[in-house]
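If you read the sequence from its start, that first residue is 1, and numbering goes on from there.
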Amino acid sequence: MANSPKKVQNPRPSSVLIDPVYSSMITLLILVMACVEICDAVTVVDVYRLVQYDIGGVPFGSRLASLNHHAGSSLFSSSSGAAADLSRTVLILPVRELNLTFIKEYITHRKPLGGLLLLLPPAFSPYSESVGRAHHDSAKDLMKEVLAELEQLLIHANTPYPVYFGFEDDSINTVLADVKKNDATGQLATATTGGYKLVVAAPEPKKVASPTIVNIQGWLPGLKADGDSNQLPTIAIVASYDTFGAAPALSVGSDSNGSGVVALLEIARLFSILYSNPKTRGRYNLLFGLTSGGPYNYNGTYKWLRSLDQRQRETIDYAVCLNSIGSFNNDLWIHVSKPPENAYIKQIFEGFSNVAEELGLKVGLKHKKINISNTRVAWEHEQFSRLRVTAVTLSELSVAPELLQNTGGLSDNRHFVDEASISRSVKLVAESLARHIYDLKGKDINIFADNSSLAVNPSHIHSWLDLLSTTPRVAPFLSKTNPLVMALKKELADHTIEVNVQQEVLDGMFSLYDTTTGRLHIYQVASVTFDLLLLLVLGSYLIVLFSFLVITTKGLDDLISLFRRPPSRKVKTA
């Protein structure tokens, strides 16, 4: 029997025809979403947040960290000259163009602002490859003064919005030029008008729990005479090594007090050579102390002195504290708490003055009484004086700084420190101490003569100054195991004995917060009007395309039936 032909069933027209329609729509929707979502950052830069801290529970600094607003470039509307509404704008302000009067009024009156990005010249970056020997530059000197004033304004204000510092470069300067061009039209960048958007995704800042300070000390024991059971007198050489500034991640303090730390390490190296030979070892112990908490009323110095055995403290003949000795000029000051007529003070000052004259330096004496009822400690030697230990501070500063002033801020970097000044300061202190230790007063003997085995080593000073000038040292962010602390400990251990590290909790009066750095993403975004117009055009195109495909494949009736309201159930039942 012949095989009857099989009935070939045609596929349902609806499934064949509708699938291309929907697949086309899906493809187009994906393309639209891709167009909307592709919005890569124009540039990404490192930024450094304004410090956030409390003093006795009173808030200071920037209180927010996350940033997500459009960019602006002026405090005022260019069309009317009146103050613009900047509550949802991040101002980009180059410090070299900054009007301190306007910014001071804005900050002190706590006017609304979405955020502030301050652009520093590249020369002020501690990580700049161009950092080298210091030299006079009137433009940099002027910028240093502006930065110092701006920093004090920002540090002592309570700012309710994020404030970041960045550095000028080609990419961010291009963005700023576009922002200025847009602002010149008198219309701020908004979601409606488009422009540039600045985003820093940062967690909410948290208070540093139990902030610590770390002190490091080392001894060079003197030589006792046979049968001498009395304790030898001690001379202490001390320098505070930590910093504080408007941006903790940029607070390297090359001069305050990197120069003092470098000088102490070099003095320790010189005397270690003398004390390594019993024939040249003096009858004085030398105590070297690198203290922390300097910006916080020298809290670390206080706790270090309290931790010393009382008999050790009583053996201290006097202490020399080194603070900011890396300037260009040849004027240094000895700051004291005891009256200048005091016999010890007279002896110390005369010893320094005689050596200074030989070196072509000028040393002056400044007396400032201690007010016991005042918690403010302006100089490190005051912590010694409060415990009735004779002490002086050697510094290029002629006046006691205010709280959190001259503590290693934005303008205190490698460009403004002179290695030759540090070398002269080292020689001044070392020679003065040696003449006192070896009783060489009035004798024409230069122990640390140039080109001798006891000469000051410029390479040693240079290498340590470079390291400190690229290392932020805000105390609560430094632990006992921090690489810098370990390096300082090792350096002291190479030249002294009984080196130990003391970690203490910073007194509760000061509280600092984390989130000190961030990554700034700058996006160029189109206006909402453009987005809506694009959406309308694409939507219309999709509708026309869909209609065309249905009509050409199924007919006009099927297209109309898609939009026809289906009959109700009651009608179907009837």
Visitor: Side chains of Asn413 and Leu250: does their closest heavy-atom pair fall under 4.5 Å?
Guide: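 Of all side-chain heavy-atom pairs linking Leu250 with Asn413, none is under 4.5 Å.
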Visitor: Testing the 3.5 Å rule here: is there a donor-acceptor pair between the side chains of Glu380 and Thr301?
Guide: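 Judged by distance alone, the side chains do pair up.
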Visitor: Look at the side chain of Asn215 and the backbone N and O of Gly289, then say whether any donor-acceptor pair between them is shorter than 3.5 Å.
Guide: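 It does not hold such a pair.
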Visitor: Working to the nearest 0.5 angstrom, can you tell me the gap between Ile216 CD1 and Glu491 CD?
Guide: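 The CD1 atom of Ile216 sits 11.0 Å away from the CD atom of Glu491.
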Visitor: Counting distance only, does the side-chain N/O of Glu151 pair as donor-acceptor with the main-chain N or O of Leu410 below 3.5 Å?
Guide: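 Answer holds: yes.
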Visitor: When the ring planes of His460 and Trp464 are compared, do they come out parallel, tilted or perpendicular, using 30° and 60° as the limits?
Guide: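 His460 vs Trp464 ring planes: perpendicular.
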Visitor: So, Ser254 side chain and Arg414 main chain: donor-acceptor pair closer than 3.5 Å or not?
Guide: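 Such a contact is found between Ser254 side chain and Arg414 backbone.
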Visitor: Please report the C-alpha distance between Arg63 and Asp54 in whole Å, then the side-chain angles of each, then the deciding distance to 0.1 Å, and finally whether the salt bridge (Lys or Arg N to Asp or Glu O under 4.0 Å) criterion is met.
Guide: CA-CA 10 Å; Arg63 311 311 292 183; Asp54 303 335; 3.0 Å; yes
Visitor: Does OH belonging to Tyr513 count more than 12 external heavy atoms closer than 6.0 Å?
Guide: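 Yes, enclosed.
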Visitor: Using distance alone, with no hydrogens and no angle criterion, decide if Gln405 and His156 have a side-chain donor and acceptor under 3.5 Å apart.
Guide: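 No, because no side-chain N or O of Gln405 sits under 3.5 Å from a partner of the opposite role on His156.
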Visitor: Please evaluate residues Ile103 and Leu100 with respect to the criterion side-chain contact (heavy atoms from CB on, under 4.5 Å), reporting the C-alpha separation (whole Å), side-chain torsions for both, the decisive distance (0.1 Å), and the verdict.
Guide: CA-CA 5 Å; Ile103 196 70; Leu100 282 174; 4.1 Å; yes
Visitor: Do NZ/NE/NH1/NH2 and the carboxylate oxygens of Lys180 and Glu97 come within less than 4.0 Å?
Guide: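 Salt bridge present between Lys180 and Glu97.
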Visitor: Could you report the tightest heavy-atom contact between Pro121 and Phe167, atom names first, then the distance?
Guide: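 Heavy atoms of Pro121 and Phe167 come nearest at O-CD2, 3.6 Å.
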Visitor: Run Asp466 and His462 through side-chain contact (heavy atoms from CB on, under 4.5 Å) and show every step you take.
Guide: CA-CA 6 Å; Asp466 280 353; His462 177 85; 3.0 Å; yes
Visitor: Provide the closest heavy-atom pair for Asp514 versus Val208 in the form atom of the first, atom of the second, distance.
Guide: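 The answer is N-CG2, 4.1 Å.
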Visitor: Within a reach of under 6.0 Å around NZ of Lys303, are more than 12 heavy atoms found that belong to other residues, nucleotides or ligands?
Guide: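 For Lys303, atom NZ is crowded (more than 12 foreign heavy atoms under 6.0 Å).
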Visitor: What's the separation between atom OH in Tyr161 and atom CG in Leu91, rounded to the nearest 0.5 Å?
Guide: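 Between atom OH of Tyr161 and atom CG of Leu91 there are 8.5 Å.
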Visitor: Under a 3.5 Å cutoff, is there a donor and acceptor pairing between the side chains of His335 and Ser395?
Guide: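 Their side chains do not contain a donor-acceptor pair, so the 3.5 Å distance test is not met.
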Visitor: Under the salt bridge (Lys or Arg N to Asp or Glu O under 4.0 Å) rule, what do Lys368 and Glu382 come out as? Steps first, then yes or no, please.
Guide: CA-CA 9 Å; Lys368 175 182 171 294; Glu382 292 182 8; 3.0 Å; yes
Visitor: So do Arg96 and Val146 actually touch side chain to side chain, heavy atoms under 4.5 Å?
Guide: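 In short, these two side chains do not touch, never coming nearer than 4.5 Å.
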Visitor: Do the side-chain N and O atoms of Thr393 and Asn323 include a donor-acceptor pair separated by under 3.5 angstrom?
Guide: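 No pair is found: no donor N or O on one side chain lies under 3.5 Å from an acceptor on the other.
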Visitor: Please report the C-alpha distance between Glu402 and Arg376 in whole Å, then the side-chain angles of each, then the deciding distance to 0.1 Å, and finally whether the salt bridge (Lys or Arg N to Asp or Glu O under 4.0 Å) criterion is met.
Guide: CA-CA 9 Å; Glu402 298 296 328; Arg376 172 75 181 114; 5.5 Å; no
Visitor: Please check if atom CG in Asp170 has more than 12 non-hydrogen atoms from other residues, nucleotides or ligands closer than 6.0 Å.
Guide: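 Open: at most 12 neighbouring heavy atoms sit under 6.0 Å from CG of Asp170.
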Visitor: Assess the pair Tyr53 and Phe244: is the distance between their ring centroids shorter than 6.0 Å?
Guide: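 Ring centres of Phe244 and Tyr53 closer than 6.0 Å.
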Visitor: Kindly compute the distance separating CG (Asn482) from OG1 (Thr471), expressed to the nearest 0.5 Å.
Guide: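 Answer for the CG-OG1 pair, Asn482 versus Thr471, is 8.5 Å.
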Visitor: Do Ser324 and Ser256 have a side chain donor and acceptor closer than 3.5 Å?
Guide: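 Ser324 vs Ser256: donor-acceptor pair found between side chains.
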Visitor: Would you say Leu404 and Phe60 make side-chain contact, with heavy atoms under 4.5 Å?
Guide: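 Counting from C-beta outward, Leu404 and Phe60 never come under 4.5 Å.
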Visitor: Is any side-chain heavy atom of Val429 less than 4.5 Å from a side-chain heavy atom of Leu264?
Guide: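 Of all side-chain heavy-atom pairs linking Leu264 with Val429, none is under 4.5 Å.
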Visitor: Please name all residues satisfying side-chain contact (heavy atoms from CB on, under 4.5 Å) with Val392, sequence neighbours left out, ordered by chain then number.
Guide: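 side-chain contact (heavy atoms from CB on, under 4.5 Å) check on Val392 returns Val320, Ile334, Val336, Ile345, Ile348.
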Visitor: So, do Cys321 and Phe384 sit near enough that their side-chain heavy atoms are less than 4.5 Å apart?
Guide: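 They are in contact (side-chain heavy atoms under 4.5 Å apart), so the answer is yes.
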Visitor: Is there a donor-acceptor pair closer than 3.5 Å between any side-chain N or O of Tyr241 and the backbone N or O of Gly294?
Guide: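 No; zero donor-acceptor contacts below 3.5 Å.
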Visitor: Once rounded to the nearest 0.5 Å, what's the spacing between atom OH of Tyr298 and atom CD of Gln383?
Guide: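 One gets 9.5 Å once the value is rounded to the nearest 0.5 Å.
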Visitor: Measure the shortest side-chain to side-chain distance between Leu117 and Ile172 over non-hydrogen atoms and say whether it is less than 4.5 angstrom.
Guide: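 Answer yes - side chains close enough.
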Visitor: Would one find more than 12 heavy atoms of other residues, nucleotides or ligands at under 6.0 Å from atom CZ of Arg519?
Guide: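 Yes, enclosed.
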Visitor: Within the distance-only criterion (no hydrogens, no angle test), does the side chain of Thr212 pair as donor or acceptor with the backbone N or O of Gln503 below 3.5 angstrom?
Guide: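 Not at all, since once roles are kept as given, no pair shorter than 3.5 Å links the two residues.
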Visitor: Rounded to the nearest 0.5 Å, what separation is found between the OG atom of Ser240 and the CZ atom of Arg473?
Guide: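 Between Ser240 OG and Arg473 CZ, I get 9.0 Å after rounding to 0.5 Å.
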Visitor: Can you see which heavy atom on Ala475 is nearest to which on Gly293, and at what distance?
Guide: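 Closest approach of Ala475 to Gly293, heavy atoms only: CB-N, 4.4 Å.
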Visitor: Is any side-chain heavy atom of Glu168 less than 4.5 Å from a side-chain heavy atom of Leu176?
Guide: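 Not in contact.
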Visitor: What are the two closest heavy atoms between His69 and Val90, and how far apart are they?
Guide: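 Of all heavy-atom pairs spanning His69 and Val90, the closest is CB-CG2, 3.5 Å.
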Visitor: Drop me the distance from Asn299's CG to Thr291's OG1, to the nearest 0.5 angstrom.
Guide: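 The CG atom of Asn299 sits 10.5 Å away from the OG1 atom of Thr291.
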Visitor: Hey, do the aromatic rings of Phe165 and Tyr48 have their centres closer than 6.0 Å?
Guide: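 No: the rings miss the under 6.0 Å criterion.
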Visitor: Tell me, with the steps shown, if Val261 and Leu488 meet side-chain contact (heavy atoms from CB on, under 4.5 Å).
Guide: CA-CA 9 Å; Val261 173; Leu488 291 171; 4.1 Å; yes
Visitor: Does atom CD of Glu204 have more than 12 heavy-atom neighbours from other groups under 6.0 Å away?
Guide: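 No, because the 6.0 Å sphere around CD of Glu204 holds 12 heavy atoms or fewer from other groups.
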Visitor: State, with a plain yes or no, whether a side-chain heavy atom of Leu118 is found less than 4.5 Å away from one of Leu150.
Guide: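 When only atoms from C-beta onward are counted, Leu150 and Leu118 do touch, with a gap below 4.5 Å.
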Visitor: Step through it carefully: locate the ring centre of Phe416, locate the ring centre of Phe124, and say whether they are under 6.0 Å apart.
Guide: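 They qualify: ring centres under 6.0 Å apart.
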Visitor: Which heavy atom of Gly218 sits nearest a heavy atom of Leu492, and at what distance?
Guide: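 Of all heavy-atom pairs spanning Gly218 and Leu492, the closest is N-CD1, 4.1 Å.
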Visitor: Has Asp255 got a side-chain atom pairing as donor or acceptor with Val417's backbone, closer than 3.5 angstrom?
Guide: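 No, the answer is negative, given that no donor and acceptor are paired below the 3.5 Å cut-off.
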Visitor: Ignoring hydrogens and angles, tell me if any N or O in the side chain of Arg49 forms a donor-acceptor pair with the backbone of Gly518 under 3.5 Å.
Guide: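 No; zero donor-acceptor contacts below 3.5 Å.
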Visitor: Could you go through the side-chain contact (heavy atoms from CB on, under 4.5 Å) check for Tyr196 and Ile92 one step at a time?
Guide: CA-CA 11 Å; Tyr196 287 93; Ile92 307 177; over 6 Å; no
Visitor: Can you check whether Pro401's main-chain N or O pairs, donor with acceptor, with Asn406's side chain at less than 3.5 Å?
Guide: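 Judged by distance alone, no pair lies under 3.5 Å.
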Visitor: Will you find, in the side chains of Glu396 and Ser327, an N or O donor that is under 3.5 Å from an N or O acceptor?
Guide: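 Result is yes, a qualifying pair exists.
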Visitor: Grab the two heavy atoms, one from Leu512 and one from Pro476, that are nearest each other, plus how far apart they are.
Guide: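 The answer is CD1-CG, 3.9 Å.
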Visitor: Under the criterion side chain to side chain contact (heavy atoms under 4.5 Å, CB included), which of His367, His381, Arg386 is the partner of Ser337?
Guide: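 Passing option: His381.
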